[in-house]
Amino acid sequence: MSQSADPLIVDPIAETNAVISRFRTYGRILSFFYRKKPLGAIGLTLILAVCTLAIFAPLFSRYDPSFIFQTDNPGYKTNPSIMDLAKDSNVGSPIIVTQLTQPDSEHWFGTSRAGHDIYARIIYGTRTSLLVGLIASTIAVGLGIVIGGATGYYLGWLDLLVQRLIDTLQALPSLVLLLLIGQTFDASLRNVIITMGIIGLPITSRLIRSAVLALRASTFVEAAESLGATDSRIMFRHVLPNIGSVVIISFTIGIGAYILFEATLSFLGVGPSGVISWGRMVNEGRASIDIHPWLTVWSGAALSLTVVAFNLFGDAIRDVLDPRLRGS
Amino acid sequence: MLNYIYRRLVLNVGVIYLVGSLIFVLVRLLPGSFVIQRGGLDIGGLTPERLALANAELGLDKPIIEQYLTYWADLLRLDFGFSFETRNSVASELIDAVPYSMELGIGILIIGLSISIPVGVISAVNQDKWQDYLLRGFAIIALSFPVFWTAALVTIFNLNMGSPLRLEVIAQPHMWEDPWKALQWYIIPAVCGGIAGTAAIMRVLRSELLEVLRQDYIRTARSKGLQERAILLRHALQNAFLPVLTLIGLTLASLITGQIVLESMFNIPGIGRELVEAVALRDYSMVQGITLMVASFIVFTNLLVDISYGYLDPRVRFA
Amino acid sequence: MTERNYWSRNRISRRTALRSASIFGAGLAGAALIGCGGSDEAEDASAASSSSSSSSSSSSSSSAATSAATQAATQAATQAATQAAQTGPKKGGIGIGQSATVYESFDAHRTVASPVLQITSHFQNKLLRFSSPDKGEVVGDLVENWEQTDPTTLLLHLRKGVKWHDEGPGAKHPKAVPGREFTSSDVRWNIERQQRGTLEDGTEASFGRNAYWNGIASIDTPDDHTVQFNLTQIDVTFIQGLANEFNYMNQPELMTAVEGKHSEIDAGNVIGTGPFVLTEWIPGERVSAVRNPSYWNSQKPYLDGQVWIQNFTDPVAYRVAFEQKQVMGFTDPDPTVTLAMNADRPDETNVRYSGVANTVAAYTNTNLPFWNDNRITRAIDMAIDRRLIIQQLHGGLAKPSGPVTWIQDAWAIPQEDLATTPGYQSGADREKDLIEANKYWQAAGGPGQGEIEWTIAKLWSDRASWAITPDLISQMFNDAFATSQFKGVSKTYGEIIPSWFAKTFDPFFAWIPNIEIPDARADMKSAFHSTSKANLWSVNEPDKIDTPIDKALSEFDYDTAYDLMRGVQDFVVENGQFGRHIAYNYVVPALSWNYRKMTYPADGEGWSFLSASLWAHDAWIDTDDPTWEGAGQPTPTPL
């Protein structure tokens, strides 16, 4: 964190403003970023693309993601025997659901077991994934700021107590917590997101606490204190603005991890229900990945691409914001 | 130094107490109970009398406070209770399961480190060059796939290619019993888990190395005319390795925790799978026992890592 | 009248079969000994295969118009049977299979989940068993032969020299009496226990299959090897009830000591007279059994032992384990997976289709307010899109079922009639149904009910191929009623079943356990008769249901009995099945390596759960088959 030799001369706020003014226009930030961090730029482009898909999903998806494609069956027999069914499993059905069809011009990514258009579901799945990643990360970081900020600033018994609670949370294997919470409350999207946010809390609150701790020890905070500034003034004017980079880094890096985490929950059967989830799509077809690959390949690719995007972007952001990593 | 260790020990004991209490409450919040989960299937249902009887057998009829006190009294005597399901002591169940998790965990760690250390070093030395981008790209991609998906992919294609790698269902050999068979069994999960774990270690190592390489003593070493290779190995890597050690400690802990996903996919009867089953069955003492063991492992690993800091890095002083 | 292959014999032949099973048929009194004492016709392979081939040939000969395809199938079956007769079942080898982890009790009389019967059938015997569950033919097991001395009196003559196991963990239980001879008082204890529905100490533990036994006035034991059943009225299904796959014989001494701990799954808690001795039973892990060295039938079993692995449920693990020959069989909810695997190894594996237990229903709880509104019950019944779910979840391998499933097709409402029944239709007819369903739904205040959780058994939705079921079911109802009130959730049986028997359950979608014997009259009694404990919907229709069922149960003439049961079914359907909305019955293809052998009824057709007792006796391993090479052989825990 920025420290200055002479606290009475350098105003950290002014310094921060000066830094920001260097990037006054977004265009300049972007062009700087794209030139200096090509991997991060790829990530950012992908993220923007995914966000566009999520926002304008109906424009891109061609079909309603829960529409069940079906046709009448001209060869329908009222009462086939089991061995008739064995020869032609559709013979006993007046309707045939367009299921497990390979990708073609009608269904770009093929159809699922249930007769859904996989392409449409992948497009709508971006919404779930982004929602999970963004909100869970917001919760983790938001709570992290409150808890990490308060404990790092006030220290003392509050810090001791809260840190032990955080230790406790961290010592519990995260999947255990998720299994327990996922089975105690119903696995709605909201509950899953909140749980994931809480699981991320130890890491974010630690990071923010140590950043605040470093600032607390810095001379300009000392100076502000000696000038008689109130706690809240120091907190909001001096400390919080200076932990921005830590916050941004943990926020972006977290998103990818939460999206991936949601997929693992689907594997364990406690993923969110009632929503279109890439994780569940991946899980549904993984045992037959060689038989009907389109069930998992597209969803797996979409999931991984999104996570890659956030990870690339997060890494680049860290490179930019973390002074230790600023290269030459 | 000793003071620091004492203090940390006391704090750790506090944390373990909190973990134990939290898990005690959390398992009891789960809907249903072992008796309902098992005996509730009895056609005709559980009459209140039978439910009470069965609960009494498991000691679940006592007031919650009494259960809680008994639980801690037993724990102080290192008695983890018995598994509701198998009626064996939780300790003996853990003794059966831990070696499997450890074998897998060590496999993952070996593969993870043998990839991440060279990758981290190369990409730090060549910061922002194509090698850096390539390797970091690889690490980030490896981090971005759900492990259950990559493992399924690898397993099924491995199967279709007729390779000798196996999944052991009938007999589940330990490494020391039948190394060849065990290796055939563990290799896929270890590789999948190892690659997925690579990225985190590689990232930390890279950023630490970058910082160390800018330090004055490296500049001094360079100006002395030392070879880059020697600088890297003798000076930089040694110093950059400390934070990596923390991470390895944490990873190790999570490996002993059991790789829930890999264990259930590859039929490895380790801690992770035991835990999922115990949660599903509301086998309270098993969930409590496993969680406490894992939590203790995590906090004490952290302590060990921190202490080893003091020995490895004279700059670190314990307050 | 057109279907002539084994599975879908026309009604006449099926009816004949059922009639022959009904021992209380008037003309059969003289020939009461159809149990063919002693040498059960399935005892040795040649007999078994000849019976199998004769049954297929008789069904084909009774038909004038046999299609080429079915003829081929029959030929193949005969060929396979001849082959089996030539090589003959061999003794030896260890069976290994995967098994679901839903063993909630070791007590077959009280279990609701059928998988445990796989285990029970190996170490215990029944009095009678089905030699062909589909035809309802029964043969003696512990009973050597039986006779009917008057219309309400049945004498069972027990096999002599049958002994309870004298080795194994169960025999070592301090309360067990190992090596004791199996006697008529054992039979009496077992039947009275199920009839009474309480444990020895009088604790209510309602045994859910009491409907099979509540027509017994008394049981006498004139001597150690004779049991006399005195019935209150003629019950044509009684013999089949004795062969009911849940009616295993427990040792009274041991069961009395351990029945209070029925959920303590442990080999040390069980003893039997069966072909195998259970040596280890680690719940959720592994079960192993070895041949009973002193089994009364020296020919059986063929296998030296049997091991079930319970602890891998992952679909990838299961698939790999099968392909690496670590287990002998494989099945997936998605038939296309099983079939594709068979297509990869057409010469090494074989596929068989079996059903029977796979009856699926949507339940609503007519004991609760809102759901007890007949309009809601009917609206739900009509809104269930049976045709769609069959396609989505089973790839078409199913047929809709009325209150009696089509598997019991001698009793079921014919598919032709179902096709025009509201709730079973498709296309424009379904649209009309939905308009009516919506009228009921609106009139009964459905939209004001708020969120409706529709429970799906976790055992179902945990299977990756079926994970989407909660969403599909809720979407189905939401589309039907143009609402978004329905929400699918999955819950474990542990949560569902207690509420089920407490009659407080939420609506749910799951398998139905009521299919127990081929004669559907007893099943219908179990489900809808006001005296049955399994009547969870508290249906109480003495005139429309109880009386006709009672009449049908004592009716010798099939046509009269069918008309009575059809009347009951039509009434049930008109009332939206009273909340027990049976939807359909599906069949699943099961894949086996060729070395795994069993005498099957016909080519492509497999036995299933009503025949668990057949597996224990008749499964064998063909070590001459080329696929035997490299097959994994586990070591069962020894005695």
Side-chain angles (χ1 to χ4, degrees), chain A residues 36-39 42-43 160 163-165 167-177 179-181 183-185 256-257 259-260 263-264 266-269 279 282-283 286-291 296-297 299-300 303-312 314-315 318-319 322 324-328, chain B residues 11-12 14-19 21-23 26-27 29-32 127-128 133 136-137 140-141 143-153 156-157 159-160 199 203 206-208 210-211 214 253-254 257-258 260-261 264-265 272 275-276 279-280 287 290-291 294-299 302:
Chain A
K36 281 286 179 190
K37 298 285 163 198
L39 282 183
I42 295 173
L160 194 72
Q163 280 312 305
R164 298 294 80 75
L165 290 176
D167 280 346
T168 307
L169 210 54
Q170 197 170 25
L172 276 173
S174 50
L175 277 174
V176 178
L177 215 56
L179 272 178
L180 290 174
I181 296 179
Q183 294 189 26
T184 303
F185 307 101
I259 293 177
L260 208 55
T264 308
S266 296
F267 171 86
L268 291 171
V282 172
N283 190 36
R286 76 195 151 87
S288 54
I289 203 164
D290 53 341
I291 299 168
T296 53
V297 165
S299 46
L303 179 73
S304 304
L305 210 62
T306 310
V307 178
V308 166
F310 279 104
N311 280 339
L312 285 175
D315 259 20
R318 189 173 53 181
D319 270 12
D322 190 339
R324 299 187 311 159
L325 298 182
R326 262 174 228 149
S328 39
Chain B
L11 288 180
N12 279 355
V15 167
I16 287 168
Y17 169 74
L18 283 176
V19 170
S21 304
L22 187 64
I23 199 75
L26 280 179
V27 283
L29 282 180
L30 286 170
Q127 193 192 6
D128 288 336
Y133 290 138
R136 279 166 62 210
I140 283 171
I141 288 168
L143 188 70
S144 305
F145 282 88
V147 72
F148 64 87
W149 189 66
T150 42
L153 192 80
I156 285 179
F157 280 96
L159 184 76
N160 287 351
R203 280 163 142 184
R206 174 178 174 272
S207 55
E208 288 304 321
L210 283 182
E211 198 192 354
R214 282 205 311 274
S254 80
T257 314
I260 292 182
V261 171
S264 31
M265 278 193 70
L275 186 70
V276 175
V279 170
V287 180
I290 294 175
T291 314
V294 170
S296 323
F297 195 87
I298 290 179
V299 293
N302 283 348

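Proteins get letters first, then strands, A, B, ... in listed order; numbering begins at 1 in each. Note that the coordinates shown come from a computational prediction; the quantities given were computed from them, not determined experimentally.
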Peer 1: What part of B:Tyr17 lies closer than 4.5 angstrom to a heavy atom of chain A: side chain, backbone, both or neither?
Peer 2: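 No part of B:Tyr17 comes within 4.5 Å of chain A.
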Peer 1: Got a second to check how far B:Ile23's CD1 is from A:Leu172's CG, nearest 0.5 Å?
Peer 2: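 It comes to 5.5 Å.
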Peer 1: Which atoms of B:Val299 are under 4.5 Å from chain A, going by heavy atoms: the side chain, the backbone, both sets, or neither?
Peer 2: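 Looking at B:Val299, just its side chain touches chain A.
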Peer 1: With a 4.5 angstrom heavy-atom cut-off, could you sort out which part of B:Ile140 is near chain A: side chain, backbone, both or neither?
Peer 2: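 Looking at B:Ile140, backbone and side chain both touch chain A.
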Peer 1: Just how far is it from atom CG of A:Leu165 to atom CG of B:Leu22, taken to the nearest 0.5 Å?
Peer 2: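 A:Leu165 atom CG to B:Leu22 atom CG measures 9.0 Å (nearest 0.5 Å).
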Peer 1: Against chain B, label A:Leu260 side chain, backbone, both or neither, depending on which of its atoms sit under 4.5 Å from a heavy atom there.
Peer 2: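 The side chain, not the backbone.
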Peer 1: Minimum heavy-atom separation for B:Tyr133 and A:Pro38, please, with both atom names.
Peer 2: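 Closest approach of B:Tyr133 to A:Pro38: OH-CD, 3.4 Å.
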Peer 1: Which heavy atom of B:Ile298 sits nearest to which heavy atom of A:Gln170, and what is that distance?
Peer 2: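 Smallest interatomic distance, heavy atoms only, reads CD1-O, 4.2 Å.
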Peer 1: Specify the closest pair of heavy atoms between A:Ser304 and B:Phe145, including all atoms of both residues, with the distance to one decimal.
Peer 2: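 Closest approach of A:Ser304 to B:Phe145, heavy atoms only: OG-CD2, 3.0 Å.
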Peer 1: List the steps and the verdict of side chain to side chain contact (heavy atoms under 4.5 Å, CB included) for A:Thr184 and B:Leu26.
Peer 2: CA-CA 9 Å; A:Thr184 303; B:Leu26 280 179; over 6 Å; no
Peer 1: Sort B:Val276 into side chain, backbone, both or neither according to what part of it lies under 4.5 angstrom from a heavy atom of chain A.
Peer 2: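 Looking at B:Val276, backbone and side chain both touch chain A.
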Peer 1: Measure A:Ile259 against the heavy atoms of chain B and call it side chain, backbone, both or neither at under 4.5 Å.
Peer 2: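 Contact with chain B is absent: no heavy atom of A:Ile259 under 4.5 Å.
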Peer 1: As an exercise: rank A:Leu39, A:Thr264, A:Leu268 by heavy-atom pairs under 4.5 Å with chain B and give me the winner.
Peer 2: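 Option with the greatest count: A:Leu39.
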Peer 1: Atom CD1 of B:Ile16 and atom CG of A:Asp167: how far apart are they, to the nearest 0.5 Å?
Peer 2: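 One finds 10.5 Å between CD1 of B:Ile16 and CG of A:Asp167.
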Peer 1: Counting heavy-atom pairs closer than 4.5 Å to chain B, which one of A:Ile42, A:Thr306, A:Thr296 comes out on top?
Peer 2: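 Maximum pair count with chain B is reached by A:Thr296.
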Peer 1: With a 4.5 angstrom heavy-atom cut-off, is it the side chain or the backbone of A:Leu305 that approaches chain B, or both, or neither?
Peer 2: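 No part of it gets close to chain B.
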Peer 1: To the nearest 0.5 Å, what is the distance between OG1 on B:Thr291 and CG on A:Leu180?
Peer 2: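 These two atoms lie 7.0 Å from each other.
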Peer 1: Highest number of heavy-atom pairs under 4.5 Å with chain A: which of B:Pro146, B:Ser144, B:Ala151?
Peer 2: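 Highest number of pairs under 4.5 Å: B:Ser144.
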Peer 1: Hey, could you give me the CD1/CD1 distance between A:Ile289 and B:Ile156, rounded to the nearest 0.5 Å?
Peer 2: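 If we round to the nearest 0.5 Å, A:Ile289:CD1 and B:Ile156:CD1 are 6.5 Å apart.
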Peer 1: Give, as side chain, backbone, both or neither, the part of B:Ser264 having an atom under 4.5 angstrom from any heavy atom of chain A.
Peer 2: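 Only the side chain of B:Ser264 comes within 4.5 Å of chain A.
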Peer 1: Would you mind telling me which of A:Leu312, A:Asn311, A:Leu160 has the largest number of heavy-atom pairs within less than 4.5 Å of chain B?
Peer 2: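 Looking at each option in turn, the highest pair count goes to A:Asn311.
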